[in-house]
Number of protein chains: 2
Amino acid sequence: MSGIPSAGPQPADLWPEVQPDAARRLMLAGVESFAQRGYHATTTRDIAATAGMSPAALYVHFPSKAALLFAISRSGHEQVLSLTQQAVAEAEDPAAAIRDLVERFTAWHARRHTIARVVQYELEALPEQEYAVVASLRRDIERLVRDVVERGVAAGLFTVGDPHTAARAVLSLGVDVARWYTDRTRLGPEELAREYGELVLRMLGATTGDGA
Amino acid sequence: MSGIPSAGPQPADLWPEVQPDAARRLMLAGVESFAQRGYHATTTRDIAATAGMSPAALYVHFPSKAALLFAISRSGHEQVLSLTQQAVAEAEDPAAAIRDLVERFTAWHARRHTIARVVQYELEALPEQEYAVVASLRRDIERLVRDVVERGVAAGLFTVGDPHTAARAVLSLGVDVARWYTDRTRLGPEELAREYGELVLRMLGATTGDGA
DNA sequence: CAGCAGTGTAAGCGAGCGCTCAGCGCGGAT
DNA sequence: ATCCGCGCTGAGCGCTCGCTTACACTGCTG
């Protein structure tokens, strides 16, 4: 998969750009802990221990436990937004855009289910200002999907009663993957993604079935 | 606050059978607090204050904060299971069963979105033994849905690649309603439910479209 | 009237929380 | 050789947490 030795379910190449190596290890440890127990049930001692440091080391790199969550959450949301934008930009028509979007969105939530869990389910633990930043990113993602669905309906490619609700359903399907997907799930991220792409296109009443 | 029957978003008739009135008020307060802030971020003082009592009063009716969560979670899961069973029992064929099931499941998660949030997203805060009880209820629900989808495929009513994944998707759609639905959502629970029923039948490639 | 079970409270205990701070080791520049 | 500053630690502060205890009030029973 990755090319670098690695081993274990933890994606080692997640934030290659995050500078002091210890800061990256803390983010990794934070993701692991927040995903497993939730933000509020995780102690700074948990995170530090997972990262192999003393509790005080966290505060050398992050001003607070909440700031660590924010770094993880913002980065994750930016990844999802960018992946969504790419799908829409590269597709030739709304149907292809939706298929590509759902496939990438689903595969990301399955492959990165640990981060995805934090991104999707721990955002309400963020302080007000930080919450506003990720809420804005989330609105961007939602608007993007809604626009594609509406363009598809306008072009006569989709037949749905309420485009707004249909767009919600499309995102719901992908988001919820983060809740139930584990490393032991029978289908791999790409297989699941392809399956979900099919399901969503049918759900939207896409006239184009398969084709190239 | 209450006293008078209903008014407000809080369903006053939720647990009419729960015996000492104060115990029911504590469960109501727990639901409200757990849904808003999450189990771990909620203090026993929060719950008591919302219920209009002193912190110690909680321990007159429940042996622990976790026991209160369990009472809420088990009751919610039992409601969902029973509503799912009814839909399957009363339907004439798998297509009608799925439509009815999705409609009831979705409407419940929308109308009771506060409890649904606790039921779907706070179960991992339960102690091991209590978790096992609700996990068993959840497996029952999943098996029920999977069986209906498989019967539909066997009868040639549905066309899906992988019934197991399709069943997951059906439940996902409904569960995720608890995450995003609010009292300010444009569509009411029943409207949303009907829309979702349509979407799911199309997603499963149901040959029967509408009809009575 | 006494006795008692059921329901509630004020006060506070021990533990663990997020976070701080004085200081230490070590690599690189002087 | 010395010094500086970054990365990190051990110790611990102040606070809030879940929960307990001792006690009070109410209404029912004999």
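Naming: A, B, ... by sequence-line order, numbering from 1 per chain. Worth saying up front: this structure is predicted, and the values here are computed from it rather than measured. Reckoned from all heavy atoms, side chains included, excluding hydrogens, waters and symmetry mates.
Between B:R151 and B:D147 no salt bridge is recorded (no basic side-chain N to carboxylate O distance below 4.0 Å).
Here C:dT7 is the nucleotide among D:dG7, C:dT7, D:dG10 with the atom lying nearest to any side-chain atom of B:H61.
Residue A:L26 contributes atom CG, which lies 14 Å from atom C1' of D:dT9 at whole-angstrom precision. One can place CZ of A:R25 at 13 Å from P of D:dG7, the figure rounded to the nearest angstrom.
With a 4.5 Å cut-off on side-chain heavy atoms, B:H164 and A:L187 do not count as touching.
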Inset, instruction - Quick one, give me the B/S/- string for nucleotides 14-28 of chain D, reading 5' to 3', where B means a protein heavy atom under 4.0 Å from the base and S means that only happens at the primed atoms, P, OP1 or OP2. - result: ---BBBB--------

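The one candidate from A:H77, A:H109, A:R179 that meets the side chain to side chain donor-acceptor pair (under 3.5 Å) condition with A:Q120 is A:H109.
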Inset, instruction - Given side-chain contact (heavy atoms from CB on, under 4.5 Å), test B:L68 with B:M27 step by step and report yes or no. - result: CA-CA 7 Å; B:L68 175 61; B:M27 286 177 72; 3.7 Å; yes

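Atom CZ of residue B:R168 and atom CG of residue A:L199 lie 13.5 Å apart, to the nearest 0.5 angstrom.
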